[in-house]
Amino acid sequence: MAPWVAEIIGTMILILLGDGVVANVVLGKTKGQASGWIVITTGWAMAVAMAVYAVGRISGAHINPAVTIALAAVGKFPWSDVPLYIVGQFIGAFIGAVLVWLAYYPHWAETPDPALKRAVFCTAPNIRNYALNLLTEVIGTFTLVFGVLAIGANKLADGLAPLLVAFLVWAIGLSLGGPTGYAINPARDLGPRIAHAVLPIPGKGDSDWGYSWVPVVGPIVGGLIGAFLFVALGM
């Protein structure tokens, strides 16, 4: 399997299980309705673990353009592979979002709030302040990339790294996810946001394109800072 195809599969798994847990919590008449933030952050952490276990041995399981760009910027990944990886990540994110839409098909009509329907697909801040929302995404993705590099620098038992990355994402969600919903991944946010825009979801409202640049720019900047600082510190 080509590595960029593995990125499609890995990112699809990430979004299927990640957006899926959000759907279970926020949509009407689900088994998990209103089960809360702990369920969402735990589901996303498990989604990361499963995605990395699935394709890590093939592509490295970047499953995130911010990670791909950051690794390339510090010489840990070839720039020539960056475009295909990012294309694969966005394709996978879109497919994953469509699968969530299908899995919860009857529940969209049972959810009167358009914002909750959109929340299944993409992030939004609880307090809208673009500069501070951007800073939150920078900090979260800095933590992600710095943490991933730190995990990789340790001698670990085979198969342990994906679980540790999942714990890292879980910690980010619990600690830093409150202001913006911790996109920390441009594909994770923009791919499903496009799916939200094009899918025939009843009463879905708009896709909040005015905010859409924040979870793209913030993670890329944060990822670059995290990677450069890790290398600069000689860790």
Side-chain angles (χ1 to χ4, degrees), residues 2-4 6-8 10-11 14 18 44-45 47-49 51-90 92-93 123 131-177 179-180 182-191 213-235:
W4 76 277
E7 287 293 295
I8 294 177
T11 314
L14 172 70
W44 270 107
V48 170
V52 177
Y53 277 122
V55 302
R57 67 193 185 281
I58 302 169
S59 68
H62 296 185
I63 59 175
N64 183 341
V67 171
T68 301
I69 292 169
L71 293 179
V74 295
K76 294 181 179 293
F77 186 72
W79 278 109
S80 59
D81 290 341
V82 168
L84 269 181
Y85 262 56
I86 292 177
V87 168
Q89 291 154 4
F90 274 97
T123 62
L132 294 179
N133 302 152
L134 182 70
L135 179 61
T136 297
E137 289 294 330
V138 169
I139 293 170
T141 318
F142 157 80
T143 306
L144 173 67
V145 172
F146 191 93
V148 166
L149 290 171
I151 290 168
N154 286 273
K155 293 182 179 179
L156 302 170
D158 289 345
L160 183 58
L163 187 60
L164 295 179
V165 173
F167 277 117
L168 171 62
V169 172
W170 196 13
I172 292 170
L174 291 173
S175 301
L176 302 171
T180 63
Y182 73 119
I184 60 173
N185 182 338
R188 170 265 175 275
D189 196 273
L190 186 56
W213 65 275
V214 173
V216 172
V217 175
I220 292 172
V221 173
L224 288 169
I225 295 172
F228 278 115
L229 182 60
F230 186 87
V231 170
L233 292 173
M235 299 179 67

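The model shown is predicted, which means the values in this text are computed figures rather than measured ones.
- Remark: side-chain polar atoms of N154 are paired, donor with acceptor, to backbone N or O of A150 under 3.5 angstrom.
- Rounding to the nearest 0.5 Å gives a distance of 10.0 Å between CG of L176 and OG1 of T141.
- Atom CD1 of I139 is separated from atom CG of L134 by 10.0 Å, given to the nearest 0.5 angstrom.
- A donor-acceptor contact shorter than 3.5 Å links the side chain of N185 to the backbone of I63.
- Screening L160, V165, L163 against I151 for a side-chain contact (heavy atoms from CB on, under 4.5 Å) leaves a single residue, V165.
- The side-chain heavy atoms of F142 and L229, taken from C-beta on, include a pair separated by under 4.5 Å.
- Taking every heavy atom of both residues into account, G159 and P162 meet most closely at O-CD, 3.6 Å.
- In this structure, a donor-acceptor pair under 3.5 Å is absent between the side chains of T180 and N133.
- Side-chain atoms of I220 and P186, non-hydrogen and from C-beta on, do get closer than 4.5 Å to each other.
- The two residues I86 and P65 make their nearest non-hydrogen contact at CG1-CB, 4.0 Å.
- Closest of all the heavy-atom pairs between I58 and A6 is CG2-CB, 3.6 Å.
- Using modelled atom types, one side-chain atom of Y85 and one backbone atom of S59 make a donor-acceptor pair closer than 3.5 Å.
- Dense packing is recorded around CZ of F77, with more than 12 heavy atoms of other residues, nucleotides or ligands lying under 6.0 Å away.
- Considering only heavy atoms from C-beta on, F230 stays 4.5 Å or farther from V74 through its side chain.
- Side-chain N or O atoms of E7 include none that pairs as donor or acceptor with a backbone N or O of Q89 at under 3.5 Å.
- For N64 (side chain) and I184 (main-chain N/O), a donor-acceptor pair under 3.5 Å exists by modelled atom type.
- In this structure, the side chain of Y182 does not engage the main chain of L174 through any donor-acceptor pair within 3.5 Å.
- Taking each heavy atom of A47 and L14 in turn, the nearest pair found is CB-O, 3.6 Å.
- Distance check, rounded to the nearest 0.5 Å: OG1 of T11 to CZ of R188 gives 12.5 Å.
- Proximity of L71 to V67: side-chain heavy atoms (C-beta onward) are separated by under 4.5 Å at one or more points.
- Between the side chain of D189 and the main chain of A183, no donor-acceptor pair closer than 3.5 Å is present.
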Practice task
Walk me through it: do K76 and V231 pass the test side-chain contact (heavy atoms from CB on, under 4.5 Å)?
Solution key: CA-CA 10 Å; K76 294 181 179 293; V231 170; 4.3 Å; yes
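- In terms of heavy-atom proximity, L149 sits nearest to A227 at CD1-CA, 3.8 Å.
- Side chains of I69 and W79 form a contact here, defined as non-hydrogen atoms less than 4.5 Å apart.
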